[in-house]
Amino acid sequence: MVPGRSRCLGSGSVLRWIDFAHEAPDIARRGRELLFKRGEGFAFLATIDAGGAPRLHPIVVVQEEGGLYAFLTPSPKRRDLERDPRFALHAFPH
């Protein structure tokens, strides 16, 4: 990775939010309501650590230009995704 440049993890086979909203508008609308209930996009990112155990991370998500994004600095959650791109995103409990 080049310092100062971002990389989209898992891009290519991932369904963009705009496409998901087109396929399942009611679920997408409710998901957006849950994620952005407080204005900011608060969520939990569930990943798998190197030993195979689940790991949960609080994150902020942004919805822009038809996509749902989270910007991850070097961290355990980012290393988890670089090693294994499987994840789950859970709305922050309100």
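As a basis for the values below, the full set of heavy atoms in this structure was taken, side chains included, without hydrogen atoms, waters or symmetry mates.
Distance alone, capped at 3.5 Å, places no donor-acceptor pair between the R55 side chain and the A50 backbone. A donor-acceptor pair under 3.5 Å links the side-chain atoms of R78 to the main chain of L72, judged by distance alone. No donor-acceptor pair closer than 3.5 Å links the side chain of R86 to the backbone N or O of L81. Formation of a donor-acceptor pair under 3.5 Å by the R83 side chain with backbone atoms of D49 is found in this model.
Put simply, the residue from R79, H57, K77 that forms a side chain to side chain donor-acceptor pair (under 3.5 Å) with T47 is H57.
Here the closest heavy-atom approach between residue I27 and residue F20 is recorded as CG2-CZ, 3.6 Å. Residues E64 and Y69 share a closest heavy-atom pair of O-CE1, 3.2 Å. Taking both residues in full, the closest heavy atoms of A21 and A28 are given as CA-CB, 3.5 Å, listed atom of the first, atom of the second, then distance. Between F92 and R38 the shortest heavy-atom distance is CE2-NH1, 4.0 Å. Closest approach of A70 and V61 over heavy atoms only: CB-CG1, 4.3 Å.
Put simply, F44 and V60 are part of the same group of oily side chains (I, L, V, M, F, W, Y) that touch within less than 4.5 Å, one to the next.
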Assess the residue pair R29 and E33 against the criterion (salt bridge (charged side-chain N to carboxylate O under 4.0 Å, His left out)); give the C-alpha distance rounded to whole Å, side-chain angles, the decisive distance to 0.1 Å, and a yes or no. CA-CA 6 Å; R29 179 187 48 76; E33 287 172 2; 3.0 Å; yes
Quick one, L68 with V62, criterion side-chain contact (heavy atoms from CB on, under 4.5 Å). Give me CA distance, side-chain angles, the key distance, then yes/no. CA-CA 6 Å; L68 187 67; V62 176; over 6 Å; no
Assess whether side-chain contact (heavy atoms from CB on, under 4.5 Å) is satisfied between L35 and F42, documenting all intermediate values. CA-CA 6 Å; L35 289 171; F42 294 115; over 6 Å; no
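Other residues, nucleotides and ligands place no more than 12 heavy atoms under 6.0 Å from the CD1 atom of I18.
The NE2 atom of H90 lies 10.5 Å from the CD1 atom of I59; values are rounded to the nearest 0.5 Å. Separating the CG atom in D80 from the CG atom in L45 is a distance of 8.5 Å, to the nearest 0.5 Å.
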